[in-house]
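When a residue number appears, it is its place in the shown sequence, counting from 1. Note that the coordinates shown come from a computational prediction; the quantities given were computed from them, not determined experimentally. Every heavy atom of this structure was used, including side-chain atoms; hydrogens, water molecules and symmetry mates were not.
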Amino acid sequence: KEQEGKKLILRSLKRNSKSNILRKELAENYENEKEYEKAIQIYFTIFEDIVESKKQNVLESYVENKIINIIRKIRNREDKRYYIEKFLRIKKGNIKLIEILIEILIENKEYKEAEKYYQELIKKDENISQDTLYTYVYVLILLNNYIEARKILEKLITKKEQSYLLINI
């Protein structure tokens, strides 16, 4: 039954190749069959069309979430990295994806590249988790940037002291 549905969608797409709704249906079909590579390619096509059009589109956040969910399912680190970087070229600033990318970069010992993304994270979000900041400090130490590492640690210490004081008041 799903195969018939896919054939029907493919036939309809031949007549109306720009239909994002039909593309979405086809991508969902592939996703249900665990053909993530095919699904993510289609979702990216939809996503690029929507972002390029600069028009409000109800599909945008749906497709964005679908791409992120598939990226999370991908096992191969390099494939995951490729799709995250592709996503961030289309639409910058997804904090969760940046954090996943940083993990991959650290695993690959690409500390300088990881540092760039940490700086981007810090600019975007004032409420970065302490774990993320401690990992950033670790990267800075590996890059022999002790001065910046110390500044961040001092900020963390003052934040901890403030939260400790608030608890005891």
Side-chain angles (χ1 to χ4, degrees), residues 6 20 23-54 56-160 163:
K6 193 188 314 182
N20 283 334
R23 287 181 189 162
K24 177 189 83 71
E25 292 297 322
L26 183 60
E28 287 172 347
N29 210 298
Y30 283 128
E31 192 178 355
N32 290 336
E33 295 172 355
K34 300 197 181 338
E35 291 190 54
Y36 299 122
E37 185 70 30
K38 289 179 180 178
I40 201 167
Q41 294 295 338
I42 295 168
Y43 284 131
F44 265 115
T45 302
I46 298 168
F47 192 56
E48 287 169 334
D49 284 354
I50 292 169
V51 172
E52 283 174 17
S53 75
K54 293 182 171 70
Q56 284 254 289
N57 192 315
V58 292
L59 272 181
E60 184 174 353
S61 61
Y62 175 83
V63 171
E64 190 174 323
N65 287 328
K66 285 293 198 174
I67 291 171
I68 293 168
N69 288 334
I70 291 175
I71 287 172
R72 286 187 174 137
K73 292 175 185 174
I74 295 171
R75 297 272 178 245
N76 181 299
R77 261 196 336 227
E78 289 311 307
D79 289 347
K80 189 177 271 197
R81 177 181 178 173
Y82 168 79
Y83 288 119
I84 291 171
E85 287 174 339
K86 182 175 182 172
F87 184 97
L88 293 173
R89 278 192 302 274
I90 298 167
K91 189 173 183 181
K92 293 177 178 11
N94 185 297
I95 291 171
K96 199 73 208 152
L97 284 181
I98 292 172
E99 288 175 343
I100 295 169
L101 181 58
I102 287 171
E103 286 174 24
I104 293 169
L105 293 169
I106 291 171
E107 288 171 13
N108 291 346
K109 296 180 174 37
E110 296 178 51
Y111 305 121
K112 197 72 186 152
E113 192 71 15
E115 181 189 19
K116 272 197 315 196
Y117 284 103
Y118 272 120
Q119 289 171 351
E120 188 178 326
L121 264 185
I122 288 171
K123 284 179 196 166
K124 286 191 182 332
D125 189 10
E126 287 291 318
N127 300 316
I128 296 174
S129 74
Q130 287 189 343
D131 289 344
T132 301
L133 287 172
Y134 280 122
T135 310
Y136 181 34
V137 167
Y138 169 74
V139 167
L140 289 169
I141 290 169
L142 290 171
L143 292 169
N144 298 321
N145 190 345
Y146 303 110
I147 295 168
E148 189 63 30
R150 182 182 177 130
K151 285 180 190 175
I152 292 170
L153 283 173
E154 286 171 350
K155 283 181 190 173
L156 282 168
I157 290 168
T158 55
K159 274 188 180 178
K160 264 192 173 173
S163 63

Listed by chain and number, what are the salt bridge (Lys or Arg N to Asp or Glu O under 4.0 Å) partners of Asp79, not counting sequence neighbours?
-> none

Sequence neighbours excluded and cut-off under 3.5 Å, please list the side-chain donor-acceptor pairs for residues 90-97, or say none.
| from | atom 1 | to | atom 2 | distance (Å) |
| --- | --- | --- | --- | --- |
| Lys91 | NZ | Glu60 | OE2 | 3.2 |
| Lys91 | NZ | Glu64 | OE1 | 2.9 |
| Asn94 | OD1 | Lys96 | N | 3.2 |
| Asn94 | OD1 | Leu97 | N | 3.0 |
| Lys96 | NZ | Glu99 | OE1 | 3.3 |

For a quick test of reading the model, state the closest non-hydrogen atom pair linking [X] to [Y] and the distance between them.
| X | Y | answer |
| --- | --- | --- |
| Lys80 | Ile71 | CE-O, 3.2 Å |
| Ile42 | Ala27 | CG2-CB, 3.7 Å |
| Ala114 | Ile106 | CB-CG1, 4.1 Å |

May I ask you to check whether Phe87 and Phe47 place their ring centers less than 6.0 Å from one another?
-> yes

Rounded distance (nearest 0.5 Å) linking atom [atom1] of [X] with atom [atom2] of [Y]:
| X | Y | atom1 | atom2 | result |
| --- | --- | --- | --- | --- |
| Phe44 | Lys86 | CZ | NZ | 5.5 Å |
| Ile100 | Leu105 | CD1 | CG | 12.0 Å |
| Ile67 | Ile84 | CD1 | CD1 | 12.0 Å |
| Leu59 | Arg23 | CG | CZ | 10.5 Å |
| Ile74 | Glu37 | CD1 | CD | 7.0 Å |
| Glu103 | Tyr117 | CD | OH | 14.5 Å |

Apply salt bridge (Lys or Arg N to Asp or Glu O under 4.0 Å) to Glu115 and Lys112, showing your working.
-> CA-CA 5 Å; Glu115 181 189 19; Lys112 197 72 186 152; 3.1 Å; yes

Ring geometry between Tyr138 and Tyr111 (parallel below 30°, tilted from 30 to 60°, perpendicular above 60°) | perpendicular

Whether over 12 other heavy atoms sit under 6.0 Å from Arg77 CZ =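 Atom CZ in Arg77 is packed in, count exceeds 12.
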
Is it the case that [X] and [Y] place a side-chain donor and acceptor less than 3.5 Å from each other?
| X | Y | result |
| --- | --- | --- |
| Tyr146 | Asn144 | yes |
| Glu78 | Tyr83 | no |
| Thr132 | Thr135 | no |

Starting from the C-alpha separation in whole Å, work towards a yes-or-no answer on salt bridge (Lys or Arg N to Asp or Glu O under 4.0 Å) for Arg81 and Glu110.
-> CA-CA 12 Å; Arg81 177 181 178 173; Glu110 296 178 51; 2.6 Å; yes

Heavy-atom side-chain proximity of [X] to [Y] below 4.5 angstrom:
| X | Y | result |
| --- | --- | --- |
| Lys151 | Ile147 | yes |
| Val139 | Ile102 | no |
| Tyr118 | Ile152 | no |
| Tyr136 | Gln119 | yes |
| Asn69 | Arg72 | yes |

Quick one: which of Glu31, Glu48, Lys38 gives a side chain to side chain donor-acceptor pair (under 3.5 Å) with Tyr43?
->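 The passing option is Glu31.
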
Mark yes or no for whether Asn29, through its side chain, and Glu25, through its backbone, hold a donor-acceptor pair below 3.5 Å.
-> no

Salt bridge Glu113-Lys116, side-chain N to carboxylate O under 4.0 Å =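 Salt bridge: yes.
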
Report the C-alpha distance between Ile40 and Tyr30 in whole Å, list the side-chain angles of each, state the deciding distance to 0.1 Å, and finish with yes or no for side-chain contact (heavy atoms from CB on, under 4.5 Å).
-> CA-CA 9 Å; Ile40 201 167; Tyr30 283 128; over 6 Å; no

Do you know which of Leu140, Leu143, Val137 makes side chain to side chain contact (heavy atoms under 4.5 Å, CB included) with Glu148?
->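 Single side chain to side chain contact (heavy atoms under 4.5 Å, CB included) partner of Glu148 among Leu140, Leu143, Val137: Leu140.
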
